[in-house]
S.K.: 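Below is a structure I'd like to ask you about.
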Protein chains: 2
Amino acid sequence: MGVTIKDIAKAAGVSFSTVSKALRDSPLVKEPTKKRITDIAMELGYQPNAAARSLVSKKSHTIGIIWPTIEGTAHSSLITRLNTQLEQLSYTTLISINEKEFAINLFNRYQVDAILCFDDNPERLTDTSSAVPVVSYGIADKGSSSPVVDVQRKKAVYMATNYLSSIGHRFISYIGALNNPIQDEKAKGFKLAAEGLGLPGFTHQIVEVQKLDPYDGYIAAKEVLESGERPTAIISGSHDLSKGILRAAGECGIKVPDDLSIISYDNLPDDSDTPIPLSTVGVPMDHITLRLTDVLMDVINEDDIEKVLFLEPELKVTDSCRPPSNH
Amino acid sequence: MGVTIKDIAKAAGVSFSTVSKALRDSPLVKEPTKKRITDIAMELGYQPNAAARSLVSKKSHTIGIIWPTIEGTAHSSLITRLNTQLEQLSYTTLISINEKEFAINLFNRYQVDAILCFDDNPERLTDTSSAVPVVSYGIADKGSSSPVVDVQRKKAVYMATNYLSSIGHRFISYIGALNNPIQDEKAKGFKLAAEGLGLPGFTHQIVEVQKLDPYDGYIAAKEVLESGERPTAIISGSHDLSKGILRAAGECGIKVPDDLSIISYDNLPDDSDTPIPLSTVGVPMDHITLRLTDVLMDVINEDDIEKVLFLEPELKVTDSCRPPSNH
DNA sequence: TTGAAAGCGGTACCAC
DNA sequence: GTGGTACCGCTTTCAA
């Protein structure tokens, strides 16, 4: 097996406790000694043993992320950012794709300092006991005992719907998935706003897709736009869906925003991979990353933590939105 | 912090070494004692400390997977299967999305038993030194010192191309990505076969896409099929691309397989989410999973390991292929 | 400024 | 069958 501090101690002719201090850059070791030791460590390719270290220090400087829905690809971008951000706070990230309970146990055994759980199914109340603090990214749940960060998807789509009606739209469609609680939230926001408006002659429509790829948006939009009576505005459940919707509009000879307004639920910064800049609504990814790492640091330091943290969605209106032309 | 075997020992009125044995189901402990101890452990919610355990046993029963290209979503399905398969071998899986060198160091510190690296960039020769054995999934590379499992993407597409020409096709298009070495391999196989055929009047064409979503396949196929002279067969770089291609064909009034044959590069089992069953070529996902876990177990047990393991692609011909109608 | 020694939570090998 | 004890590699007092 690998090189230990004892090997280094022998090579440097000092005691192993001196090596330990030197490697942790302790001021208790004289500079020349320190340099000699670090040089030898480098040369020998020393890697500190995380097991031994976390055993004694009770800290691993590691965050465990539970991500059972890997195949959905939903959170990959957020996880990448979190990984980067945590690295800057000198934490490393470990991911498990096992289901919640199993992964929590796994990370408890590994003594990670905190766990972040992407739980698409917040319903189950089974609050697995965990010595390590757990933070969930999902939907605020009254019953949950661990902190939850909620990006208020319902509110986001609600805001978008109200905005579109406020500038005159009277027939709005929502295209999105309904097949899990997270996605369903968005549709709920749409329904809530549309039904709440109570405007005479106002029409709304929910079109379900199974996946959130551009392709699904394309298919759904084709159906919507080729039917007799068509909406003057579409709200889409994701950026990718919107790409497909844009293409469908193009093929149907429908101009955005002249004949059709589009708002996309989206956390991504505008990466301009669409023909026109899309109007979006949602909590910007950077906010999510920052707040999530904040909460993780808080639970690690046992600071006072609010049980539920609602992040505020933002509506960014661009050229993809305009009052309907017939008004 | 958590419950330790000493807490259990105290509660059960036995020594902590007895607890250790009982929990590992050693035959050296009398049944009633064992039961009493395991009951107490359960009640107290005992979780063995992985750090302590791997420190002394030098084994963690954990495999580290390095997956820097998380956002590409390419390997998610394979990773899910690996996770399941390894679980059955009583290994747990930990994933890092950091870049290779960093992740290797991380997993070395964590004393995982073996590392599996999804390295899309096998060119860089920097063979990071690792006390833990590393297995790569990628492209066989003469220089590499650690075992590589190669699914021979080039050969797979080569086989598909030759098959299509053997049944009479004289104009074949390849639709796929070229933007990384892995994807490029497939295009190389196509080119190699097409140019090697040396048939008079044989035409081939490579159409590049940036991503492997159905949408990209749709766009590319539209272009190909709407041009004047069009191919009688298309080989596609992925299952998802093929879905888009099928749709494009449908919209252009081109019948598969009557007017157009399609073979898809694919490792997935037929999940029949296409209107007609697609012909596929590639190493079946189950083979990959099995061989990969085999190799991992081998390196762990220090069995003799072949440095390079080529897996054989299979061509599965279904109703999406047929000789061109004008022949 | 350095070294010695006591653990951290387990496993495994001894005695009894 | 059970308990005692010596580690695993490291951090952290406390003495020298």
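Convention: sequence-line order gives letters A, B, ...; per-chain numbering from 1.
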S.K.: Taking only the side-chain nitrogens and oxygens of A:Y46, find out if one of them lies under 4.0 Å from OP1 or OP2 of D:dC10.
M.R.: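 Yes, such a contact exists.
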S.K.: With axes from five pairs an end, tell me the bend angle of the helix from C:dT1-D:dA16 to C:dC16-D:dG1, nearest 10°.
M.R.: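 Comparing the first five pairs with the last five, the axes sit 50° apart.
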S.K.: B:H61 NE2 to C:dG10 P: how many Å, rounded?
M.R.: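 Nearest whole value for this atom pair: 18 Å.
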S.K.: Who pairs with A:T80 by side chain to side chain donor-acceptor pair (under 3.5 Å), at least two apart in sequence or on another chain?
M.R.: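 So A:T80 forms a side chain to side chain donor-acceptor pair (under 3.5 Å) with B:E71.
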S.K.: For B:S54 and B:Y110, run side-chain hydrogen bond (donor to acceptor under 3.5 Å, both in side chains): C-alpha distance rounded to whole Å, both residues' side-chain angles, the deciding distance at 0.1 Å, then the answer.
M.R.: CA-CA 9 Å; B:S54 81; B:Y110 268 95; over 6 Å; no
S.K.: In whole angstrom, what separates B:Y110's OH from D:dC10's C1'?
M.R.: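 For the pair B:Y110 OH and D:dC10 C1', the rounded distance is 14 Å.
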S.K.: Output all residues satisfying side chain to side chain donor-acceptor pair (under 3.5 Å) with B:S136, sequence neighbours left out; order by chain, then residue number.
M.R.: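 Not a single residue meets the side chain to side chain donor-acceptor pair (under 3.5 Å) criterion with B:S136.
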S.K.: For residues 29-41 of chain A, which side-chain donor-acceptor pairs fall under 3.5 Å, sequence neighbours excluded?
M.R.:
from, atom 1, to, atom 2, distance (Å)
A:K34, NZ, A:D25, OD1, 3.1
A:K34, NZ, A:S26, O, 3.1
A:K35, NZ, A:D39, OD1, 3.3
A:K35, NZ, A:D39, OD2, 2.9
A:R36, NH1, A:A12, O, 2.6
A:T38, OG1, A:K34, O, 3.0
A:T38, OG1, A:K35, O, 2.9

S.K.: Show every side-chain hydrogen bond (donor to acceptor under 3.5 Å, both in side chains) that has at least one partner inside residues 283-294 of chain B, sequence neighbours left out.
M.R.: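 Listed by first then second residue: B:R81-B:D286.
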S.K.: In whole Å, I'd like the distance from the CZ atom of B:R53 to the P atom of D:dG9.
M.R.: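 The answer, rounded to whole Å, is 18 Å.
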S.K.: For A:R109, enumerate each residue passing the salt bridge (charged side-chain N to carboxylate O under 4.0 Å, His left out) test, keeping only those at least two apart in sequence or located in another chain.
M.R.: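 Result, salt bridge (charged side-chain N to carboxylate O under 4.0 Å, His left out) vs A:R109: none returned.
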S.K.: Just to be sure I understand the geometry, which residues of residues 18-33 of chain A put a non-hydrogen atom under 4.0 Å away from DNA chain D?
M.R.: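 Residues of residues 18-33 of chain A that come under 4.0 Å of DNA chain D are, in numerical order, A:S20, A:K21, A:R24.
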S.K.: Give a yes or no on whether the backbone of A:A131 and the side-chain of A:N108 come within a donor-acceptor separation of less than 3.5 Å.
M.R.: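 Yes.
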S.K.: Could you state the CD1-P distance from A:I37 to D:dC10, rounded to the nearest angstrom?
M.R.: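 That distance rounds to 13 Å.
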S.K.: Mind checking side chain to side chain donor-acceptor pair (under 3.5 Å) for B:Q85 and listing every partner two or more places apart, or none if nothing turns up?
M.R.: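 With sequence neighbours excluded, B:Q85 shows a side chain to side chain donor-acceptor pair (under 3.5 Å) to no residue whatsoever.
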S.K.: I need the NZ-C1' distance between A:K59 and D:dC10, as an integer number of Å.
M.R.: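 Result: 17 Å.
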S.K.: What pairs with A:E314 under side chain to side chain donor-acceptor pair (under 3.5 Å), at least two apart in sequence or on another chain?
M.R.: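 Expected list: none.
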S.K.: Where do N or O atoms of nucleotides 5-8 of chain C meet protein N or O atoms at under 3.5 Å, pair by pair?
M.R.:
from, atom 1, to, atom 2, distance (Å)
C:dC8, O3', A:K58, NZ, 3.2
C:dC8, O2, A:V56, N, 3.4

S.K.: Rounding to a whole Å, what distance do you find between B:D7:CG and C:dG10:C1'?
M.R.: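 Nearest whole value for this atom pair: 13 Å.
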S.K.: How many Å lie between CD1 on B:I5 and P on D:dG3, as a whole number?
M.R.: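 To the nearest whole Å, that distance equals 13 Å.
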S.K.: Who pairs with A:Y91 by ring pair (Phe, Tyr, Trp, His ring centres under 6.0 Å), at least two apart in sequence or on another chain?
M.R.: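 A:Y91 satisfies ring pair (Phe, Tyr, Trp, His ring centres under 6.0 Å) with A:H61 only.
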S.K.: Give me each pair satisfying salt bridge (charged side-chain N to carboxylate O under 4.0 Å, His left out) with a member in residues 9-20 of chain A, each pair once, sequence neighbours excluded.
M.R.: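 For residues 9-20 of chain A, and leaving out neighbouring residues, there are no salt bridge (charged side-chain N to carboxylate O under 4.0 Å, His left out) pairs at all.
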